[in-house]
Amino acid sequence: MGTFHDHMGELHGITVVVRQKDGNTWIGRCHSEDAIEVILHDADQHVVSESDESPSDWLSRARQMGHWPRVSTIRIPRETVSSLVRLAEINQKGELPGS
Amino acid sequence: MPYPEELVAPMRKELTDHGVTELKSASEVEDFLGTDETSLVIINSVCGCAAGGARPGVVLSIQAETRPDRIGTVFAGQDVEATQKARDFCSQVPPSSPAMALFKGSDLVWFLPRHMIEGRDPQSIAFDLVQAFEEHCSSKAN
């Protein structure tokens, strides 16, 4: 027994990594994604210009232990997104699949 | 806001029917982890990945020859105080549910966060758990 939302798309409820075209990265629990936007809940962001940690180190740590839910909900415009993958697909070095 | 208990009760029972100790208060969590033994704490939840992966994965894993001395569970969103206390023992780890934490005494030695449960089948989750048991535990099942 559990709560399921199969009508919401295959990434609904899944923890994903959103890499943006400016190099910044979000991790969060995907609510929905379409041609307009990606909506995440309980999200955290890595901003390249503000962090001492590289994006891959940040992702590697998140892959191992999870991420801190610092932002309740974020709507990311689709035109700013360069990739959208499951956090579980990130390798141990914190690299995106295929990189 | 907690879900109605009649909805959650079967989700608790999936684990307690297999000998998992339910921890419903902070003091119960403190007592549970206040030994030198190895302990697995399952952070249960109402979501689909707990139903489809976490709980059946745990049930499979505890049939393994090597397993923790004690297996307990807290229910995120339901038993708030107990869940927070369990998370206090995992302070370096971001909160997630469902999740699983393996302790030696009160020291966290292994953690399976939610994103490593989402979308995975129970056998794969059990495999990860058994590997962790074999690395960190010495108790043999009777």
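Throughout, protein chains are lettered first and strands after them, A, B, ... in sequence-line order, and every chain is numbered starting at 1.
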Checklist entry - Rounded to the nearest 0.5 Å, what separation is found between the CG atom of A:Leu84 and the CD atom of A:Glu89? => result 9.0 Å
Checklist entry - If two hydrophobic side chains count as joined below 4.5 Å and joins carry through other members, does A:Trp58 share a cluster with A:Leu87? => result yes
Item to check | Passing option when B:Val74 is tested against B:Val29, B:Asn44, B:Asp79 for side-chain contact (heavy atoms from CB on, under 4.5 Å) | outcome: B:Val29
Item to check | For B:Met100, the option from B:Ile125, B:Val41, B:Asp128 that meets side-chain contact (heavy atoms from CB on, under 4.5 Å) | outcome: B:Ile125
Checklist entry - What part of B:Arg114 gets closer than 4.5 Å to chain A, counting heavy atoms only: side chain, backbone, both or neither? => result side chain
Next on the checklist: Please identify, among A:Asp42, A:Val16, A:Thr15, the residue contributing the most non-hydrogen atom pairs under 4.5 Å to chain B.
Outcome noted: A:Thr15
Checklist entry - For B:Pro113, is it the side chain, the backbone, both or neither that has a heavy atom under 4.5 Å from a heavy atom of chain A? => result side chain
Checklist entry - What part of A:Arg61 gets closer than 4.5 Å to chain B, counting heavy atoms only: side chain, backbone, both or neither? => result neither
